Amino acid sequence: MYRTHNCGELNIKHCNYIVTLSGWVDSIRLMKNITFIDIRDFYGITQLLIPSIKKKIKKEYLIQIKGKVVKRKSPNYNINTGNIEVYVNKLKILNKSIKIPIDIKKEYSRNKVNLLKYRYLYLRNFNLKNNLIIKSKILNLIRNFFIKNNFIEIETPLLVKSTSEGARNFIVPYRKKKGYYYSLPQSPQTFKQLLMIGGIDKYYQIVKCFRDEDIRKDRQPEFTQLDFELSFINRKNIFNIIIKFIKYLLYKIHNIKFINIKILSYKYIIKKYYTDKPDLRFKIYEISKKYFKYYINSNYLNYKIYSLILPNYFNIIDINKYVIINLLKDQNNKVLIYNYKNSITNRLDKKVFKNINFIKNIIKKEFFSKKDLLLFLILNDNKNYKKLINKINNFLLRSKYLNNIYIPIIIYKFPLFKYRKGKFYSYHHPFTNPYNGKLINNINKIFADSYDLIINGIEIGSGSIRIDNYNMQKKIFNILGLSKNIIKKEFNYFLESLKFGTPPHGGMGIGIDRLILSLFNKKDIMDFIAFPKNYLNKDLMIKAPSKIIKI
RNA sequence: GGUUUGGUAGUUCAAAUUGGUUUAGAAUACGUGCCUGUCACGCACGAGGUUACGGGUUCAAAUCCCGUCCAAACCGCCA
């Protein structure tokens, strides 16, 4: 027997037990007549006490010991097993280790070669290991949620057909006929729609997807997606499921019971935040010059004025210090602070503003609660004001007060197409239904029945109500400029399928790694993948891609 | 595909102002020894470098130039 207990479970209750433990040597503290060894396994660290050590033990040796659990003279409160130690009387080396090329305990900056090359060693790192545990738990929660809601998990093929639409495909040569290829799927899109046509009412799948594009901090060439699709639903039905799902996760993970998920149109979002993935944990935006003549005094016409809404979870004293110190470096800049109270008592800085309604309006529309604050940042219109705003923005984003705040948004009513280089492209994908099921002549003004889920500025997933009508699908392909030949070769099977009584259906794909990033306020997708690829889409550990060795 | 930055002990990083005798350092890891209570143990000593590789310029190259390889960030791309 290799062990009676693991290295993370022994405590004061186990005193006088004779135990056997196996694990890696985490650290050695050697003295003349006494030696301490920290032994580590998946579950934790236990201190061993060895009166006289005879064997040569080095770091990362795998050892097995037998001994008695005793109370420590001086406890270490930093670890779970800190009250006890094991008085060793048998020690066996199970496997030796050479000097290791990375420092397991260290937190490295991103993407060091050795972290990827010796990824199996860095998996022994406490944080990385914990991240993988988190991911496993979340996958479990996801499955629970969908099973509870009567979805069934169905696998779709990974060897599929290459299409000219969308991201580049990874291709796989076909052995039986030269010049023919499979492609790895970018998503199970058409397959899940075919499942709906096949009468599978509610489907979900946790599935690998592949996109041959360059990576970013939140992007890998192969990634895991939560994919789901349902029949006989409309947009609102799906929003309800998304809301229920996010609430479920936040409750199970962070014990957050009340959360307000906003549903906003694309038009509104873009107009207001100039981005389709805003982070609403605080709001900072420039007040458009067109309002100036009504609301701003003429002395300030040449200034840039930003409004900054700070919800009550910020510590205003900290923010004050930073924002004001930064802004007032240049004496011409100015900061004005309003809360709910002094805006209704009509406090007005007459030097700057003409009209209190301006301020009241912002407060009415933008405040989450009456404890929020509205700051006006009145900036000299020199070249540095953008840098300053950026700095403040970054400062707020890094703030510890944001750590447990989640503001999910569902954005809907995207454009159906985007026009680029003389061609129309699908904004979402070519199977998306138009917003009210009808096309109009002005293609630029057609909206889509599609939606994105954003949490704290991270795009978690997107989906749509799909086209369930043969003619509509054909029209969309035509607008996209797909030739008859391409339609026939790439999508014939799909078009055909729409002729057989297709149910109304829709769904969504959610990037699981990004979901985790947003739920844990993390930035780097690699931290949640056991064996990630580097910036050239290479695996430095197994050295892939590689030439094929012919035997 | 484009732009930019970088490659120095096993590892993480410095310095070496414009080429000039620098001992190319530190921390950590490693080795040897000392230490009865450590827990990031401590202390002493030691070993460790063809400055990524190849070529060029020069009396002289870590430093300047060219090429190759490797790495990082951003843009493009991600229907």
Side-chain angles (χ1 to χ4, degrees), chain A residues 26-40 45-52 56 58-60 70-79 81-85 87 97-118 121-122 126 163-169 185-187 189-190 209-223 225 414-418 420-421 423-432 448 450 459 462-464 476-477 479-482 490-491 509 511 514 524-526 534-538 540 543:
Chain A
D26 193 74
S27 70
I28 306 166
R29 295 177 289 281
L30 182 76
M31 278 153 279
K32 193 179 179 184
N33 293 319
I34 189 170
T35 297
F36 296 103
I37 291 178
D38 287 341
I39 184 176
R40 161 174 41 78
I45 283 177
T46 301
Q47 175 165 288
L48 308 177
L49 184 155
I50 304 170
S52 64
K56 198 97 187 152
K58 296 181 189 177
K59 283 192 180 179
E60 300 305 325
V70 294
K71 194 180 166 187
R72 277 202 209 184
K73 276 185 185 172
S74 50
N76 177 355
Y77 299 107
N78 295 325
I79 56 174
T81 60
N83 280 320
I84 56 93
E85 60 200 1
Y87 192 98
S97 167
I98 60 168
K99 199 162 110 181
I100 62 169
I102 59 165
D103 189 342
I104 286 172
K105 287 183 188 174
K106 196 179 155 92
E107 290 309 308
Y108 286 86
S109 61
R110 184 167 197 256
N111 256 357
K112 295 285 175 207
V113 180
N114 280 348
L115 292 193
L116 296 175
K117 192 170 168 189
Y118 296 100
L121 289 178
Y122 202 53
F126 183 78
T163 61
S164 48
E165 286 283 301
R168 277 186 287 265
N169 295 303
Q186 301 170 29
S187 88
Q189 185 58 40
T190 53
C209 299
F210 305 86
R211 288 177 195 177
D212 187 9
E213 302 293 349
D214 287 357
I215 74 155
R216 290 287 183 273
K217 272 203 183 74
D218 59 357
R219 219 155 79 189
Q220 282 270 310
E222 53 175 308
F223 59 98
Q225 184 168 306
F414 284 84
L416 189 57
F417 301 105
K418 56 189 167 191
R420 225 171 29 197
K421 292 175 195 163
K423 238 183 114 180
F424 284 104
Y425 292 87
S426 288
Y427 200 94
H428 182 53
H429 62 50
F431 314 110
T432 305
S450 66
E459 187 187 335
S462 61
S464 60
I476 298 288
F477 281 152
I479 292 172
L480 292 172
L482 299 184
E490 293 186 353
F491 296 111
R514 286 189 186 178
D524 195 339
I525 194 171
M526 282 194 189
N534 85 343
Y535 81 115
L536 286 175
N537 289 355
K538 289 184 192 167
L540 298 181
K543 292 212 169 69

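Keep in mind the model is a prediction, meaning the values are calculated, not measured. Naming: A, B, ... by sequence-line order, numbering from 1 per chain.
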A.B. asks: Would you call A:R219 and A:D214 a salt bridge, taking side-chain N to carboxylate O under 4.0 Å as the test?
C.D. replies: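 No, this pair does not count.
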A.B. asks: Rounding to the closest angstrom, what is the interatomic distance between B:rG1 and B:rC64 at atom P?
C.D. replies: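 After rounding to an integer number of Å, I get 29 Å for this pair.
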A.B. asks: Could you please name the option among B:rA79, B:rC77, B:rG37 that lies closest to any side-chain atom of A:R219?
C.D. replies: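 Per side-chain heavy atoms of A:R219, the pick is B:rC77.
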A.B. asks: Quote, to the nearest angstrom, the P distance that separates B:rU68 from B:rC77.
C.D. replies: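 B:rU68 and B:rC77 have their P atoms separated by 27 Å.
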A.B. asks: Tell me which nucleotide among B:rU38, B:rG10, B:rC77 gets nearest to the side chain of A:P101.
C.D. replies: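 Looking only at side-chain atoms, A:P101 lies closest to B:rG10.
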A.B. asks: Using the side-chain heavy atoms of A:R216, tell me which of these nucleotides is nearest: B:rC78, B:rC74, B:rC39.
C.D. replies: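 For the A:R216 side chain, the nearest candidate turns out to be B:rC74.
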A.B. asks: With respect to the side chain of A:D214, which nucleotide from B:rC35, B:rC75, B:rA71 is positioned closest?
C.D. replies: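 Nearest to the side-chain atoms of A:D214, counting from C-beta on, is B:rC75.
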A.B. asks: Checking all strands, does A:I102 fall into the base, sugar-phosphate, or nothing category for heavy-atom contacts under 4.0 angstrom?
C.D. replies: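 Contact class for A:I102: none.
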A.B. asks: Of all the choices, B:rA73, B:rC35, B:rA79, which nucleotide is nearest to the side chain of A:Y535 once you look at every atom?
C.D. replies: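 The answer is B:rA73.
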A.B. asks: With a cut-off of less than 4.0 Å, is there a side-chain N or O of A:R29 near OP1 or OP2 of B:rU38?
C.D. replies: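 So the side chain of A:R29 is outside the cut-off, no N or O lying under 4.0 Å from OP1 or OP2 of B:rU38.
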A.B. asks: From the list B:rU36, B:rA79, B:rG37, which nucleotide is the closest neighbour of the side chain of A:Q189?
C.D. replies: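 Of all the options, the side chain of A:Q189 is nearest to B:rA79.
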A.B. asks: Rounded to the nearest Å, what distance is computed from the CG atom of residue A:L115 to the P atom of nucleotide B:rA72?
C.D. replies: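 In whole Å, B:rA72 P and A:L115 CG are 10 Å from each other.
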A.B. asks: Where the side chain of A:E213 is concerned, which of B:rC41, B:rC77, B:rA71 is the nearest nucleotide?
C.D. replies: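 The nucleotide sitting nearest to the side chain is B:rC77.
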A.B. asks: Tell me whether the NZ or CZ atom of A:R420 lies within the 45° cone about the ring axis of A:Y425 and under 6.0 Å from its centre.
C.D. replies: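 The answer is yes; both the distance and angle limits are met.
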A.B. asks: Which residue, A:D103 or A:K71, contacts RNA chain B at a nucleotide closer to its 5' end, judged by nearest heavy atom?
C.D. replies: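 The answer here is A:D103.
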A.B. asks: What interatomic distance, in whole Å, is found between P of B:rG46 and the corresponding atom of B:rA26?
C.D. replies: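 Straight-line distance between the two P atoms is 11 Å.
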A.B. asks: Using the P atom as the point on both nucleotides, what is the distance between B:rG67 and B:rG76, in whole Å?
C.D. replies: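 The answer is 28 Å between these two P atoms.
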A.B. asks: Nearest 0.5 Å, what's the CD-SG distance between A:Q189 and A:C209?
C.D. replies: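 Rounded to the nearest 0.5 Å, the CD-SG separation comes out at 10.5 Å.
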A.B. asks: When all nucleic acid strands are considered with a 4.0 Å heavy-atom cut-off, which category describes A:L480: base, sugar-phosphate, or nothing?
C.D. replies: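 Counting heavy atoms under 4.0 Å across all strands, no contact is made by A:L480.
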A.B. asks: Take the protein atom NZ of A:K543 and the nucleotide atom P of B:rC69, then report the distance between them rounded to whole Å.
C.D. replies: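 It is 16 Å, rounded to the nearest whole Å.
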A.B. asks: Answer with base, sugar-phosphate or nothing: what part of the nucleic acid does A:S426 contact at a heavy-atom distance below 4.0 Å?
C.D. replies: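 Sugar-phosphate contact only.
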A.B. asks: Quantified in whole Å, what is the C1' atom distance between nucleotide B:rU57 and nucleotide B:rC66?
C.D. replies: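 B:rU57 and B:rC66 have their C1' atoms separated by 11 Å.
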A.B. asks: Would you call B:rG42 syn or anti, using the 90° rule around 0?
C.D. replies: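 You should classify B:rG42 as anti.
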A.B. asks: Can you tell me if the side-chain N/O atoms of A:N534 get under 4.0 Å from OP1 or OP2 in B:rA72?
C.D. replies: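 Yes.
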A.B. asks: For A:T46 and A:I39, indicate whether the former's side chain and the latter's backbone hold a donor-acceptor pair under 3.5 Å.
C.D. replies: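 Not a single qualifying donor-acceptor pair exists.
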A.B. asks: Can any side-chain N or O of A:R211 pair as donor or acceptor with the backbone N or O of A:P221 at less than 3.5 Å?
C.D. replies: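 The answer is no, because no donor-acceptor pair under 3.5 Å joins these two groups.
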A.B. asks: A:E60 near the nucleic acid: base, sugar-phosphate alone, or nothing, with a heavy-atom cut-off under 4.0 Å?
C.D. replies: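 No contact at all - A:E60 keeps every heavy atom at 4.0 Å or more from the nucleic acid.
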A.B. asks: Would you call the rings of A:F477 and A:F491 parallel, tilted or perpendicular, where under 30° means parallel and over 60° means perpendicular?
C.D. replies: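 Parallel, since the angle between the ring planes stays under 30°.
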A.B. asks: Just to be sure I understand the rule, does A:T163 reach a base, reach only the sugar-phosphate, or reach nothing, if contact means heavy atoms closer than 4.0 Å?
C.D. replies: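 A:T163: no heavy atom of the nucleic acid under 4.0 Å.
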A.B. asks: Looking only at atom C1', what distance separates B:rG20 and B:rU63, rounded to whole Å?
C.D. replies: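 Rounded to whole Å, the distance is 11 Å.
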A.B. asks: Any base atoms under 4.0 Å from A:P221, or only sugar-phosphate, or nothing? Heavy atoms, all strands.
C.D. replies: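 A:P221: no heavy atom of the nucleic acid under 4.0 Å.
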A.B. asks: Ignoring backbone atoms, test whether A:T432 places a side-chain nitrogen or oxygen under 4.0 Å from the OP1 or OP2 oxygen of B:rA79.
C.D. replies: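 Answer is no, no contact under 4.0 Å.
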A.B. asks: What nucleic acid atoms does A:K105 come within less than 4.0 Å of, heavy atoms only: base, sugar-phosphate, or nothing?
C.D. replies: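 The answer is nothing, as A:K105 stays clear of every strand by at least 4.0 Å.
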A.B. asks: Base, sugar-phosphate alone, or nothing: which one does A:N114 contact when heavy atoms must sit under 4.0 Å apart?
C.D. replies: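 The answer is sugar-phosphate, as A:N114 gets under 4.0 Å only of primed atoms, P, OP1 or OP2.
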A.B. asks: So does A:V70 get a backbone contact from the side chain of A:E85, meaning a donor-acceptor N/O pair under 3.5 Å?
C.D. replies: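 No, the answer is negative, given that no donor and acceptor are paired below the 3.5 Å cut-off.
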A.B. asks: Using a heavy-atom cut-off of under 4.0 Å over every strand shown, decide if A:K56 touches base, sugar-phosphate, or nothing.
C.D. replies: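 Answer is sugar-phosphate: A:K56 comes under 4.0 Å of backbone atoms only.
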A.B. asks: B:rG31 and B:rG48: how far apart are their P atoms, nearest whole angstrom?
C.D. replies: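 After rounding to an integer number of Å, I get 15 Å for this pair.
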A.B. asks: Answer with base, sugar-phosphate or nothing: what part of the nucleic acid does A:I100 contact at a heavy-atom distance below 4.0 Å?
C.D. replies: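 Counting heavy atoms under 4.0 Å across all strands, no contact is made by A:I100.
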A.B. asks: Any chance you could encode RNA chain B as dot-bracket? Rule is Watson-Crick or G-U wobble with both distances under 3.5 Å; [ ] for pairs crossing earlier ones, | for another strand.
C.D. replies: (((((((..((((......[....)))).(((((.......))))).....(((((..]....))))))))))))....
A.B. asks: Which part of the nucleic acid does A:K423 contact within heavy-atom distance under 4.0 Å: base, sugar-phosphate only, or nothing?
C.D. replies: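 If one applies the 4.0 Å heavy-atom cut-off, A:K423 turns out to touch nothing in the nucleic acid.
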A.B. asks: Would you kindly check if the NZ (Lys) or CZ (Arg) of A:K418 is within the cone defined by 45 degrees around the ring axis of A:Y427 and under 6.0 Å from the six-membered ring centre?
C.D. replies: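 Judged by the rule (NZ or CZ under 6.0 Å from the ring centre, within 45° of its axis), A:K418 counts as positioned above A:Y427.
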A.B. asks: Can you tell me, in whole Å, how much space there is between the P of B:rG6 and that of B:rU17?
C.D. replies: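 The answer is 16 Å between these two P atoms.
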A.B. asks: Strictly below 4.0 Å: does A:R168 bring a side-chain N or O up to OP1 or OP2 of B:rA79?
C.D. replies: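 False: A:R168 side-chain N/O out of range (4.0 Å or more) of B:rA79 OP1/OP2.
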A.B. asks: Describe the nucleic acid contact of A:S52 in one word from base, sugar-phosphate, nothing, applying a heavy-atom distance below 4.0 Å.
C.D. replies: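 A:S52: no heavy atom of the nucleic acid under 4.0 Å.
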A.B. asks: Out of B:rG37, B:rA29, B:rC78, which nucleotide sits closest to the side chain of A:K59?
C.D. replies: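 Per side-chain heavy atoms of A:K59, the pick is B:rA29.
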A.B. asks: Among B:rG31, B:rA29, B:rC78, which is the nearest nucleotide to the side chain of A:K58?
C.D. replies: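 Among the listed nucleotides, the one closest to the side chain of A:K58 is B:rG31.
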A.B. asks: Would you say A:K99 reaches B:rU11's phosphate, i.e. side-chain N/O to OP1/OP2 under 4.0 Å?
C.D. replies: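 No, because none of the side-chain N or O atoms of A:K99 sits under 4.0 Å from OP1 or OP2 of B:rU11.
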A.B. asks: Apply side-chain hydrogen bond (donor to acceptor under 3.5 Å, both in side chains) to A:K105 and list each qualifying residue two or more places apart in sequence or on a separate chain.
C.D. replies: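 Testing A:K105 for side-chain hydrogen bond (donor to acceptor under 3.5 Å, both in side chains), a comparison that skips the adjacent residues, returns A:D26.
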A.B. asks: Between A:L416 and A:I476, is there a side-chain heavy-atom distance shorter than 4.5 Å?
C.D. replies: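 Sidechains of A:L416 and A:I476: in contact.
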A.B. asks: Return whichever of A:K73 or A:I28 has its heavy-atom-nearest nucleotide of RNA chain B closer to the 5' end.
C.D. replies: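 It is A:K73, whose closest nucleotide lies nearer the 5' terminus.
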A.B. asks: From the list B:rC39, B:rC77, B:rA79, which nucleotide is the closest neighbour of the side chain of A:D38?
C.D. replies: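 Taking heavy atoms from C-beta onward, the closest nucleotide is B:rC39.
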A.B. asks: Once you round it to whole Å, what is the distance between P of B:rA29 and CG of A:L121?
C.D. replies: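 Spelled out: CG on A:L121 to P on B:rA29 is 17 Å.
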A.B. asks: Treating A:R29 as the side-chain partner and A:F36 as the backbone partner, does any N or O pair qualify as donor plus acceptor under 3.5 Å?
C.D. replies: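 Looks like no, no N/O pair under 3.5 Å.
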A.B. asks: Pick base, sugar-phosphate or nothing for A:I98, based on heavy-atom distances below 4.0 Å to the nucleic acid.
C.D. replies: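 No contact.
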